[in-house]
Engineer: 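What follows is a structure written as structure tokens; I'll ask about it next.
The shown structure was predicted, so the numbers you read here are calculated from the model rather than taken from an experiment.
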Amino acid sequence: MSEQSPDQSPDQSPEQPRDERGKRPAGPVRKTVVIAGGTDGMGRAVALARLARGDAVTVVGSSAAKGEALLADAGHAPGLRFLRADLSSTAEVERVAARIAEHHRSVDALALFANRHSPRRRETPEGLEYTFSLYYLSRYLLGRRLRPLLDAAPRPVIVNVAGVGNTAGRVHWDDPQLTRRYGQVRAQLQAGRANDLLGVAFAESAAGRARYVLYHPGFTRSGLDSVSNPAVRGAIRVLGRFFARPVEEAVRPVLAWIDEPPTAALTANDRGRPVPPDLPTLDPAAARRLAVYTEGLLDRG
């Protein structure tokens with residue numbers, strides 16, 4: 001897998017410029033931001049917005065062409081770094097986390113967007129169901145492998161963009177890898193509910209400083225090309241033209257959470273509304289059960 005980045009040495013975070021007396025000027029502190037799934041839609045919009053603000057941004061994506069396009073649109077900003085990787089592979093996630101640790105001593109924000117629809121069941125190089133591995137497991141691993149870097153930042157935050165507040169779907173405990181009854185929607189809903197539980201388990205562990213945000217942006221004009229069926233993709237585009245939220249509006253809360261992380265260990269937000277913590281999809285016992293299952297998967301790998 002290829003990687004592109006400006007010629008930079010490892011650092012903790014972007015250095016604020018100083019005036020002639022050696023003092024940093026008043027204004028927002030520049031941050032180090034990692035974005036998984038940052039070459040399309042909402043992830044791309046967050047990357048460009050943070051770069052415009054002066055942050056150091058590492059974007060992870062699977063397409064070299066989209067990475068090149070992002071670099072070009074950002075004017076090859078020195079703060080932008082693109083890592084090409086297939087995040088459905090746990091080995092690739094581990095490689096990405098190691099590369100980030102080589103380049104930075106701290107990370108202020110980890111924004112998780114990576115997801116893609118798969119109409120047919122397929123497996124990753126590690127033999128795991130693709131949607132479960134990309135949409136859920138990559139987020140689990142990145143949060144844990146980057147936790148030391150997050151803990152080294154003054155006010156770290158993880159923003160997991162999924163479907164919190166939606167109660168459709170469930171974790172299929174008897175067959176989480178969907179070997180017997182696979183369906184594209186079934187796989188997406190299961191991974192979405194797993195991400196709900198991931199946020200609960202991360203916050204409940206209380207082992208680090210990072211605040212965790214689960215965010216459901218609703219139907220946005222983002223990532224329509226991830227749907228492989230041309231007829232379905234066309235229908236979604238038509239609906240999106242009339243009913244979807246603009247990407248710029250959908251990412252506004254994400255940018256705000258990066259600027260000012262919440263004080264609570266877990267924040268769950270569904271299209272601007274707080275999600276009740278007692279929702280069945282945020283059950284702590286289920287979160288612990290999923291964490292045990294996930295660690296077992298990784299141990300077998």
Side-chain angles (χ1 to χ4, degrees), residues 35-37 41-43 45-46 109-115 117 131-132 134-140 142-144 147 150 155-173 176 185-223 243-291 293-294:
I35 303 173
M42 289 179 62
V46 169
L110 171 62
L112 302 167
F113 293 93
N115 185 22
H117 295 259
T131 301
F132 184 89
L134 175 61
Y135 189 9
Y136 162 70
L137 192 54
S138 72
R139 302 181 185 211
Y140 178 96
L142 282 173
R144 271 147 182 78
R147 196 158 195 167
L150 289 158
R155 295 181 65 198
V157 66
I158 299 174
V159 182
N160 186 338
V161 179
V164 69
N166 184 358
T167 57
R170 62 185 178 87
V171 176
H172 299 275
W173 299 110
V185 174
R186 185 182 178 89
Q188 283 286 319
L189 289 175
Q190 171 175 254
R193 301 293 69 77
N195 275 302
D196 295 348
L197 298 176
L198 169 57
V200 173
F202 194 99
E204 196 178 50
S205 68
R209 301 176 62 189
R211 308 294 88 181
Y212 208 102
V213 178
L214 293 167
Y215 175 47
H216 179 204
F219 186 25
T220 66
R221 296 170 196 162
S222 169
F243 302 108
R245 299 171 68 194
V247 171
E248 295 74 17
E249 178 185 325
V251 301
R252 213 168 282 141
V254 178
L255 299 174
W257 285 314
I258 294 173
D259 280 330
E260 289 292 332
T263 56
L266 176 65
T267 297
N269 185 289
D270 179 3
R271 292 162 289 186
R273 300 183 297 271
V275 175
D278 59 352
L279 208 65
T281 50
L282 299 176
D283 176 41
R288 290 190 289 272
R289 181 180 183 184
L290 180 61
Y293 169 75
T294 303

Engineer: Quick one: does any side-chain atom of Arg155 pair with a main-chain N or O of Arg211 as donor and acceptor, under 3.5 Å?
Structural biologist: no
Engineer: Can you name the closest pair of heavy atoms from Leu150 and Ala210 and give their distance?
Structural biologist: CB-CB, 4.4 Å
Engineer: Can you find a pair of side-chain heavy atoms, one from Leu290 and one from Leu198, that are under 4.5 Å apart?
Structural biologist: no
Engineer: Tell me every residue that passes ring-ring contact (aromatic ring centres under 6.0 Å, His included) with Tyr215, counting only those two or more places apart in sequence or in another chain.
Structural biologist: Trp257
Engineer: Enter the distance from Ile35:CD1 to Phe113:CZ here, rounded to the nearest 0.5 Å.
Structural biologist: 6.5 Å
Engineer: What distance separates Tyr136 OH from Asn115 CG, expressed to the nearest 0.5 Å?
Structural biologist: 14.5 Å
Engineer: What pair of heavy atoms forms the shortest contact from Arg193 to Asn166, and how long is it?
Structural biologist: CZ-O, 3.2 Å
Engineer: With side-chain contact (heavy atoms from CB on, under 4.5 Å) as the test, would you mind laying out the steps for Val46 and Ile258 before giving the verdict?
Structural biologist: CA-CA 10 Å; Val46 169; Ile258 294 173; 4.2 Å; yes
Engineer: What closest approach, in Å, do Tyr293 and Pro176 show between heavy atoms, and which atom pair accounts for it?
Structural biologist: OH-CB, 3.5 Å
Engineer: Looking at Tyr140, I'd like to know if the NZ or CZ of Arg144 sits under 6.0 Å from its six-membered ring centre while staying within 45 degrees of the ring's axis.
Structural biologist: yes
Engineer: On a heavy-atom basis, which atom in Ile158 and which in Gly143 lie closest, and how many Å separate them?
Structural biologist: CD1-CA, 4.3 Å
Engineer: Before giving the answer on side-chain contact (heavy atoms from CB on, under 4.5 Å), spell out for Leu266 and Val200 the whole-Å C-alpha distance, their side-chain angles and the decisive distance to 0.1 Å.
Structural biologist: CA-CA 7 Å; Leu266 176 65; Val200 173; 4.0 Å; yes
Engineer: Give the minimum heavy-atom separation between Leu112 and Arg139, together with the two atoms involved.
Structural biologist: O-NH1, 3.2 Å
Engineer: Quick check: closest heavy atoms across Pro261 and Pro156, and the distance to 0.1 Å?
Structural biologist: CB-O, 4.3 Å
Engineer: Applying the side-chain contact (heavy atoms from CB on, under 4.5 Å) criterion to Val164, which one of Leu214, Thr267, Asn195 satisfies it?
Structural biologist: Leu214
Engineer: Just verifying a value: how many Å separate His216 NE2 and Arg273 CZ, rounded to the nearest 0.5 Å?
Structural biologist: 9.5 Å
Engineer: First locate atom OG1 of Thr131, then atom CD of Gln190, and finally report the distance between them rounded to the nearest 0.5 Å.
Structural biologist: 9.5 Å
Engineer: Centre of Phe202's six-membered ring, under 6.0 Å away, within 45 degrees of the axis: is that where NZ or CZ of Arg147 sits?
Structural biologist: yes
Engineer: Quick check against the 3.5 Å criterion: does Asn269 have a side-chain atom that pairs as donor or acceptor with the backbone of Val213?
Structural biologist: no
Engineer: Working to the nearest 0.5 angstrom, can you tell me the gap between Met42 CE and Arg245 CZ?
Structural biologist: 7.5 Å
Engineer: Only pairs at least two apart or in different chains count here, so list each side chain to side chain donor-acceptor pair (under 3.5 Å) that has a residue in residues 276-285.
Structural biologist: none
